[in-house]
Amino acid sequence: MAYDPTKLVTLKNLKDTATRIKTEYLAAIAASGHAIFQKAETIPTAEEAQENVLYLVKNEDTGHYDIYALIDGVVEWLDDVSINLDNYVTSEELSQAIANLGAGSVYGSTKTDLETADTEVINTFFSQEAAPTPKEGDVFVVTTLVDGVTYEMSSYWYDGENWVAITGNVDASKVIMRENITMAGNYTQVGNKTKEQDGTADFNTKGMSVAAILTDIFSKRLQPGTPTQPSISGFNLSGAKAVEAGTELEAVNYTSGTLNAGSYQYGPDTGVVASNWVVQRITDQGTEQVTSVDAASLEAGSDNNGGAGFIIGDMGGEGVVSSLKLKAIATHGAGVTAKDNLGDDSNPPVSISAGTKEKTTGAYTPYRNYFYGATTEKPTLDSTYVRGLTKSNKAYAAGTVTINVPAGAQRVAIACLASKAGVTKVINETAMNADVTSTFVQSTVQVEGANSYTAQEYKVWVFEPAVPYENAATLKVTLG
């Protein structure tokens with residue numbers, strides 16, 4: 001009988017409807033045996049109706065099917081299915097569909113020795129009292145379990161008369177050796193296995209799979225080395241560098257940071273994750289915590305010293321630091337167990353331990369400029385005048401600077417910290433490279449840092465010509 005397989009899903013609807021049938025009627029039906037659904041064109045009479053049958057009769061008014069059953073000699077209305085069952089499978093169609101599927105039952109048994117035949121296991125199973133009768137399509141699985149090791153799982157199919165072995169490809173990891181292998185012969189080594197030239201040796205293979213045996217012979221197991229520890233990436237102090245003493249900073253900013261999870265020689269991923277981040281400010285005045293946050297990564301942030309800001313200086317003072325840097329500390333959990341080169345857990349176990357990792361940024365530090373240049377005026381030789389010359393924008397270092405003297409200049413000056421060597425030679429390149437060092441007179445001046453920061457003593461070399469320079473000149477000044 002033809003049927004539509006897509007309609008089998010409607011059995012769930014029938015089941016849902018059956019659960020709503022009145023308790024007293026279900027009890028009466030259950031007392032007489034199992035009930036089945038059957039469609040009918042009209043409500044059957046008591047003489048026509050059969051016990052254990054739930055009749056589905058189309059109700060033209062509601063468009064649904066009403067359910068009737070023979071109970072105590074009377075056909076009773078039980079409920080309606082509240083769904084349209086037109087063209088849905090009947091019980092006869094369903095029975096035919098299941099029969100056409102050809103599905104058999106699956107049986108199984110276990111034997112605990114290697115000598116008993118599988119056929120004996122199967123025959124013993126079906127010879128038991130109340131044992132089922134095998135039918136075509138049934139499958140029987142025989143498991144061989146000896147000393148806790150599953151040696152074999154064999155399956156057989158019943159063709160209607162005999163149990164036929166089901167053969168096919170078998171993974172080498174499923175084939176188990178029953179005994180040890182004796183290594184013998186005129187050789188000393190096979191892969192990783194060795195013995196004396198003419199001797200014998202036991203290869204303990206009992207209970208091992210063929211795959212494990214071949215791996216043991218041809219693959220040398222190597223344990224992982226020391227793990228690469230987690231480390232912090234990112235997290236830098238923006239703008240950190242040497243700045244002129246007296247530089248004022250309203251706040252300092254740091255970039256985001258992440259924790260590299262580290263690595264194992266043969267894998268897998270370590271699984272290390274940060275759980276907390278602490279940022280510390282480190283200055284010559286000490287260490288203070290800036291922030292602490294429970295997170296896997298650190299977001300970018302800033303530090304304004306509680307609103308006071310910072311002054312980078314070398315002579316002390318309120319709010320002055322001579323060094324300013326930040327440190328990030330990441331707390332992390334332990335890593336998973338590392339694998340060996342063959343993919344098994346390392347032995348002894350290797351893993352990254354829980355702990356902390358740190359990273360310190362570059363620092364803000366102070367320096368004092370040195371100054372040089374030529375002017376057409378000759379004001380008082382003081383801090384203001386010196387700071388008006390060309391700035392080095394870096395700390396003092398031995399070398400050569402070039403001073404371009406304009407026509408009309410009345411003063412050439414070079415100034416540096418009194419603790420430095422300063423000017424050792426001055427060459428006038430526009431006057432046939434004449435050495436004019438001796439024309440410069442040295443004196444000392446107190447010169448302030450940036451933003452009128454505390455002055456330090458500077459040595460100043462000055463040349464003031466009797467008459468202003470008539471023409472531009474180029475001077476090469478050597479600093480020692």
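Please read these numbers as outputs of a predicted model, since none were measured by experiment.
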Salt bridge or not between [X] and [Y]? Use side-chain N to carboxylate O under 4.0 Å.
X    : Y    : result
E448 : R368 : no
K111 : D118 : yes
E358 : K327 : yes
D344 : K339 : no
D66  : K58  : no

For A69 and L54 the tightest heavy-atom approach is CB-CD2, 3.8 Å
Nearest heavy-atom approach of Y68 to I43 is OH-CD1, 3.2 Å
Compute whether any side-chain donor of one residue and acceptor of the other, for [X] and [Y], lie under 3.5 angstrom apart.
X    : Y    : value
D345 : T337 : no
Q197 : N186 : yes
T283 : K325 : no
N369 : S392 : yes
S233 : T258 : yes
N276 : D294 : yes
S322 : D314 : no

For R281, the option from T291, T287, D303 that meets side-chain hydrogen bond (donor to acceptor under 3.5 Å, both in side chains): D303
Are the ring centres of Y107 and F126 closer than 6.0 Å? yes
Check for me whether the distance between the ring centres of Y396 and Y370 falls short of 6.0 Å. yes
Examine K195 relative to Y187 and say whether NZ or CZ is less than 6.0 Å from the centre of the six-membered ring and inside a 45° cone about the ring axis. yes
Anything under 30° is parallel, anything over 60° is perpendicular, the rest tilted; go ahead and classify W163 against Y158. tilted
